[in-house]
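The structure appears below as structure tokens.
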Amino acid sequence: FTVVRYAGTALITGSGAGLQVVTAAGETITLARDVLADITGVAVEDTLLAAASPEWIWVFRRPAAGGAGRPADLATGALAVRNPLAGPTGLTFADGRLVAWRQGAGTPAAVTVDTGAGAVTGTVAGLAAPLLQLEPSPGGLVSLDRAGTVRLVPLPGGSDAGRQLFEAWLPGTLCVVATSDRELVGGRTPVGGTAGSGTLLRIDMRTGETVAVPGGSRSTFDLAWDRDRGVLYSLGIDTAGNTVLLRHEGSGLESERVLSRQDGEDLAASLGLDPAGGAVYASLGYGGIVAWDGNAADTIPSEGRVPRRL
């Protein structure tokens, strides 16, 4: 319970699940119940939006845009699939397939789901520890687990299925993204070092070599890669303790530019990238979403609710 009040002949209790009355006879009566699903994962690809709760996975299909330039609502009908992982679940699209992966503690697991029939079509092999992240890569899926190990594992059904493609133990790594079929970039908090050693790490999957990219952050916790333009975006904490949105360019990502800065640490912020137009969005702070269109940063105001996951 988060709150309890005595009402003369009964107790009124409140929690995240709603309001209840507990009578003197021990009877429990529900006054109000929270019927909103606890969404733990969201993924978007083309006209598909997928969302996961511990019990269900839903797939929505976006119809054609409405008139007068107005975007259309999601289709009222959605494919509902009983969540085979039965717990907090992350989602991503890879090679046209929806991949659901188990978040938090417990045995690591990931499966592919047919977005048309709603059936589980395969199990991802090669996962060894509870996952922090699972993202698409040109060669399969790149995973980051809670032990600090980065792996490249194949999608089910391919010629490489069943064997591990790459593995490296990189303590302090907080996020990772594939920038090509050969290279990964990780964001980290340096362990046993200083921010001067770089909080971006380039990882060559063929040689195993890692190269730190010098920069002004003392920690990097989210990344987004614009493949078409060869630009990397990051969210990190600078040496003054503020949260910064950065743009990285160049063959070695050596060129760094601050696009936006938020006072204080906002480790719940996230990045979203529009691959078509190249715009990047960051949920920095609680005043709205920072939007960078390639020339200037603007703010999309928050109304009523503050977006966190983009």
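For the numbers below, each heavy atom of this structure counts, side chains included, while hydrogens, waters and symmetry mates do not.
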The reported gap from CG in Leu165 to CZ in Arg206 (rounded to nearest 0.5 angstrom) is 12.5 Å

**Q.** Donor-acceptor pair, side chain of Glu254 and main chain of Gly252, under 3.5 angstrom
**A.** yes

- Expected output: side-chain Arg261 to main-chain Asn242 donor-acceptor under 3.5 Å: no

Exercise. Is the side chain of Asp298 donor-acceptor paired with the backbone N or O of Ala291 at a distance under 3.5 Å, no angle test?
Worked result: no

Rounding to 0.5 Å, atoms CZ (Phe221) and CG (Leu174) come to a distance of 9.0 Å

Is there a donor-acceptor pair under 3.5 Å between the side chain of Arg97 and the backbone N or O of Pro156?
yes

Subject >> Check: Ala109 main-chain N/O paired with Arg102 side-chain donor or acceptor under 3.5 Å >> reply: no

Correct closest heavy-atom pair for Thr30 and Gln20 would be OG1-NE2, 3.9 Å

With distance as the sole test, does Thr220 use its side chain to make a donor-acceptor pair with the main-chain N or O of Gly236 at under 3.5 Å?
no

Nearest heavy-atom contact between Thr173 and Arg188 is CA-CB, 3.8 Å

Closest heavy-atom pair, Leu98 versus Ile57, reported as atoms and distance to 0.1 Å, is CD2-CG2, 4.2 Å

Any sub-3.5 Å donor-acceptor pair from Thr40's side-chain atoms to Thr89's backbone N or O? yes

Within the side chain of Arg202, is there an N or O that forms a donor-acceptor pair under 3.5 Å with the backbone of Val185?
no

_Donor-acceptor check, side chain of Asp228 to backbone of Ala276, threshold 3.5 angstrom: yes or no?_
no

Between Tyr233 and the options Leu259, Leu246, Leu223, the side-chain contact (heavy atoms from CB on, under 4.5 Å) test singles out Leu259

Backbone N or O of Ala279 within a donor-acceptor pair of the Asp274 side chain at under 3.5 Å?
no

| Can Arg308 be said to sit on top of Tyr286's aromatic six-ring, NZ or CZ under 6.0 Å from centre and within 45° of the ring axis? | yes

